[in-house]
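Reading through the structure tokens given below for one structure.
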Amino acid sequence: MERDPDNVTLRDEVKPLRSTRLSIHAPSSFNFWRTVYSHGWCVLAPFSCNVEAKTLQRVLTLADGNVVSCVLSAGSRRVDIVVQSHASLSDEHQREIANQLRTCLRLNEDFSGFHHEARRFPRYRWIATSNSGRMLRSPTVFEDVVKMICTTNSTWAPTTAPLNNLARVDVRRVDSDALAFPEAHTIAGASEKTLRTEIRAGYRAPYLLQLAQGAASGKLDLEEWRSSRATTEELFKKMLTVKGIGPYAAGNLLRLVGRYDYLALDSWVRSQYYALHHGGRKVKDSTIERHYEQYGTWRGLFFWLEMTRDWHDEKYR
DNA sequence: GCGTCCAGGTCTACC
DNA sequence: GGTAGACCTGGACGC
């Protein structure tokens, strides 16, 4: 037995794991690996990925509290899933797993308009031919916001540490390695001191606590952001009212709720842009924004895909 | 091995 | 409205 930072007893019980195979239909415009490897989410717990095997692993928490571990791989016009669980999976469990993964992979979103737009510009035709555009996201907006706050003012290593540690505040796991992402009420029940020192969220601890308390109490309806009918600018302003979310974080969160008209500039994408367009010479943010104005409401997605093209296409390295 | 410096985005106080 | 400094961590670097 071990104890988590808030003295919740954990039991390492050895239970047999069951394996269940599922598959979900994918549209012809879907590219599994380009979606998985679209940004850093695929390596932030409870996501993980195997670059060689081109598989994505994800631990999911189901509505009844069961926790399952899924390994996803590309099939022909489908995504193949191997689910490991302690409990046998009912039809309802399987439907819920499929729905959560569809949400993560953005399978229910229509990118035909984006790909049609990409074909209009010779420099972006590769986006349509490679079926790029879907960006991996978490099953819940809450998890995406927690992760986004952890990426701010931080290099990648300090971002991953608190997110890996956060899973330890929850007692649910599939096995000793596969920990679930804690729900809002679990984080809300932790102390600021625990979040600051043991989870290593540092000065972000009060932001995470306030966020979790708001989400757990229902005062902050984060999940509504994905279906909001507000304009993108209104939604952007609403996101900025959450402590810990500034322009960079809000711009990136907008992409994860399906809005692409903000560039979400940070130090890394700026340096990429300088290198690609100005031989490494710094330019003003307004210059970058002017450059992408012509691409309308999709400009944030064109920008991100252009900046990360060399992740997939070696000839651009 | 230890100490110092730096990068990173947001908040808050101040002008 | 704009700006400066604080916040915190881990990596890089020098000794």
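Residue numbers begin at 1 in each chain, while the letters A, B, ... track the order of the sequences. Model, not experiment: these values are computed from the prediction.
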Test: K237(A) and E234(A) ion pair at under 4.0 Å
no
Which pairs with one or both residues in residues 295-305 of chain A pass side chain to side chain donor-acceptor pair (under 3.5 Å), sequence neighbours excluded?
none
Should R290(A) and E293(A) be marked as a salt bridge (Lys or Arg N to Asp or Glu O under 4.0 Å) after you check the CA-CA gap, both sets of side-chain angles, and the distance that decides it?
CA-CA 5 Å; R290(A) 267 202 310 279; E293(A) 265 176 12; over 6 Å; no
Calculate the interatomic distance between I199(A) atom CD1 and dT9(C) atom P; express it in whole Å.
12 Å
If the test is side-chain hydrogen bond (donor to acceptor under 3.5 Å, both in side chains), which one of Y273(A), W126(A), Y292(A) qualifies with E306(A)?
Y292(A)
In 5'-to-3' order, the base (B), backbone-only (S) or no-contact (-) status of each nucleotide in nucleotides 8-15 of chain B, using a 4.0 angstrom heavy-atom cut-off, is BBSSS---
Interatomic distance, L195(A) CG vs dT9(C) P [rounded to whole Å]
12 Å
F121(A) and F302(A) aromatic ring geometry - parallel, tilted or perpendicular at 30°/60° bounds:
perpendicular
Rounded to whole Å, how long is the line connecting atom CZ of R200(A) with atom C1' of dC7(C)?
15 Å
